[in-house]
Structure formats: C-alpha cells, structure tokens
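Notes for the one structure printed next.
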Amino acid sequence: MRPQRGNRPIKTLERVISKAGLGSRSEARSWIGAGRVRVNGKVVQTPDHWVDLERDRVTLDDKPVGESKKVYLLLYKPAGYLTTYRDPQNRPTVYDLVRDAGQWLAPVGRLDQDTSGLLIMTNDTRLIEKIANPEHEIPKTYLVKASTLLSDEQIGQLRAGVVLEDGPTRAAVVKRVRDSAKYSFIEITIREGRNRQVRRMLEAVGSKVLKLVRVGIGELRIGELKIGKYRELAAAELAKIR
C-alpha cells in the first residue's frame with residue numbers, strides 16, 4: 001500500500017521526477033545518485049525517499065520539478081523497432097522516432113520487435129497504467145497474416161479461446177478478412193495483454209504468424225497515419241480511451 005500523509009498520497013523521489021516527464025526512472029535514479037536532486041533545499045541521494053508534492057519542494061539542477069503538460073502521441077511503430085528506451089545492441093527503438101516530441105514519453109504497453117502498428121506514447125502515467133492493466137479489459141485489435149490457410153474450425157478455436165502454457169485465453173473476436181492461395185488474413189481482437197499472445201494463439205491451432213499489425217486500441221485506429229510517423233491524439237480520441 002502506498003504511504004500517505006493524512007489524506008494525501010506521497011511518491012518516491014525517482015517517481016516524482018519520471019512522472020514530471022523529465023526522464024526515465026533509471027535516469028532519475030542516476031541523477032539522484034549524482035547529487036543533482038534536492039528536496040527542500042537539501043541534497044537527497046536516495047531514490048526511494050518519500051515526497052509529498054503538496055508540502056515538499058523538489059529541484060533538479062536547481063530547477064523546480066513539477067507536473068509537465070500531458071502529451072499524447074499516436075505512433076505507427078514499424079517492425080524491427082524495440083519498445084524500449086535503450087538497447088545494448090544499439091538496435092533501433094521507438095524513441096528514435098519521437099526524439100522531437102520535446103518531452104520524456106513512455107509507451108503504453110509493448111509491441112514486440114517483429115510487430116508493427118499502433119502504439120500510444122505519453123507522459124500520463126495514469127493512462128499508461130489504465131490501458132496496460134489487464135483488469136480493465138481494453139480491447140486490442142490486430143491484423144494477422146497466417147502462415148497457412150485457416151479452416152473455419154481453426155478460426156472457431158481462436159474465437160472460443162485456446163490453451164497456452166500460461167493458461168487458457170479468453171474468447172476473442174475473430175474475422176476472416178480474406179484468403180490468398182496459401183495464406184489466411186484475419187482480424188483478431190483480444191482483451192488480454194500476455195507476452196506474444198496472438199503469435200502463440202496461432203501456434204496453438206497449428207499455424208504461425210507471418211505478419212502482425214496492431215490496428216486498434218479500444219476505439220482508436222491508425223487510420224491514414226504513415227508507418228514510422230506519429231501525430232497527437234485528438235481530444236475526442238483521448239476521451240474514448242479514458
């Protein structure tokens with residue numbers, strides 16, 4: 001349980017800095033350890049130090065730390081990009097695509113390296129927690145190119161739920177988009193957020209994913225956004241996901 005002072009919740013120092021949109025929590029820990037952060041005028045080098053923003057004054061390099069303007073971006077992530085801040089192998093990440101956003105942003109959920117599609121980037125940690133939390137059951141929709149032609153029986157199994165190593169999946173909405181000579185193209189909507197779930201679901205019915213694109217989160221859609229580009233979410237779109 002998060003500590004409170006009276007009726008006011010308090011946060012750790014590293015979280016105060018990251019929530020202000022100044023950097024990642026690992027960067028915040030580094031700055032704190034380097035003695036660049038003060039609380040009420042005193043240097044604090046403990047990232048887990050508790051702070052009450054209604055009473056305490058936090059500075060980084062002698063500049064006040066406060067809540068930044070909330071930014072909400074919709075990014076069309078290309079395949080081949082990691083949803084992480086840094087990569088030891090220097091592979092491209094989604095942060096390479098939003099460098100000019102002017103704020104520290106975090107991805108809402110993750111897309112694996114081989115998956116493209118819709119990714120929200122924001123500094124609104126409450127929204128991140130809401131969408132990423134499986135208890136809220138926010139639907140995510142994907143377009144899938146299967147490695148085989150899928151029978152009606154296989155699609156029925158995907159709809160009903162399949163058994164994975166970490167337990168059975170919930171029922172999904174699955175539509176056959178079209179079939180080519182060798183491959184089926186389907187749209188699948190799930191309300192869970194397990195690691196590589198759609199890929200594992202296809203494997204559970206005897207096929208594999210050749211291409212995976214996330215096209216929707218709730219009522220949000222990529223629309224005409226070009227791959228590798230981003231745009232700000234409109235107020236009406238933001239209201240829908242909230």
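Hydrogens, waters and symmetry mates play no part in the numbers below; they use all other heavy atoms, side chains included. Bear in mind the structure is a predicted one, so any value in this text is a computation, not a measurement.
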- Message: Show, in sequence, the C-alpha distance, side-chain angles and deciding distance for Thr115 and Val198, and conclude whether the side chain to side chain contact (heavy atoms under 4.5 Å, CB included) test is met.
- Response: CA-CA 11 Å; Thr115 301; Val198 174; over 6 Å; no
- Item | Reported CG-to-CG distance for the pair Asp124 and Leu238, which is rounded to 0.5 angstrom | 7.5 Å
- Ile17 and Ile32, any side-chain heavy atoms less than 4.5 Å apart: yes
- CG (Asn40) and OG1 (Thr59) are apart, to the nearest 0.5 Å, by 9.5 Å
- Message: Looking at every non-hydrogen atom in both residues, tell me the closest pair between Ala106 and Tyr95 and how far apart they are.
- Response: CA-OH, 3.6 Å
- Item | Heavy-atom side-chain contact between Leu13 and Pro47 under 4.5 Å | no
- Query: Between Ser207 and Ser147, which heavy-atom pair has the shortest distance, and what is it?
  - Reply: OG-OG, 3.3 Å
- Pairs in or reaching into residues 88-113: which pass salt bridge (charged side-chain N to carboxylate O under 4.0 Å, His left out), with residues at least two apart or in two chains? Asp87-Arg91, Asp96-Arg99, Asp112-Arg196, Asp112-Arg199
- Going from CZ on Arg170 to CZ on Arg191, what distance comes out if it is rounded to the nearest 0.5 angstrom? 9.0 Å
- Query: Between Thr122 and Lys70, does a side chain to side chain contact (heavy atoms under 4.5 Å, CB included) hold up when you go through it step by step?
  - Reply: CA-CA 7 Å; Thr122 182; Lys70 295 295 185 287; 5.5 Å; no
- Which heavy-atom pair separates Pro78 from Leu97 by the least distance, and what is that distance? CD-CD1, 3.5 Å
- Task: Give the minimum heavy-atom separation between Trp50 and Ile10, together with the two atoms involved.
- Result: CB-CD1, 3.5 Å
- Query: Quick one: are Leu202 and Lys208 in side-chain contact, heavy atoms under 4.5 Å?
  - Reply: no
- Query: Nearest 0.5 Å, what's the CG-CD distance between Leu73 and Glu232?
  - Reply: 6.0 Å
- Item | Minimum side-chain heavy-atom gap Asp166-Arg200 below 4.5 Å | yes
- Does the side chain of Leu118 reach to within under 4.5 Å of the side chain of Leu74, using non-hydrogen atoms? yes
- Message: In this structure, would Val173 and Ile222 fall into the same cluster of hydrophobic residues linked by side-chain contacts under 4.5 Å?
- Response: no
- Note on the structure: Nearest heavy-atom approach of Val94 to Thr83 is CG2-CA, 4.1 Å
- For the residue pair Thr169 and Arg194, establish whether any side-chain heavy-atom pair is separated by less than 4.5 Å. yes
- Just checking, is any N or O donor in the side chain of Thr12 or Asp48 under 3.5 Å from an acceptor N or O on the other one? no
- Task: Could you tell me the separation between the NZ atom of Lys77 and the OG1 atom of Thr93, rounded to the nearest 0.5 Å?
- Result: 10.0 Å
- Message: Among residues at least two apart in sequence or on other chains, which ones pass side-chain hydrogen bond (donor to acceptor under 3.5 Å, both in side chains) with Asn195?
- Response: none
- Is Asp114 close to Leu212 at the side-chain level, that is, under 4.5 Å between some pair of heavy atoms? no
- CG/Asp56 to NZ/Lys11 distance, rounded to the nearest 0.5 angstrom? 12.0 Å
- Message: Any heavy-atom pair between the side chains of Met201 and Ile190 that's under 4.5 Å?
- Response: yes
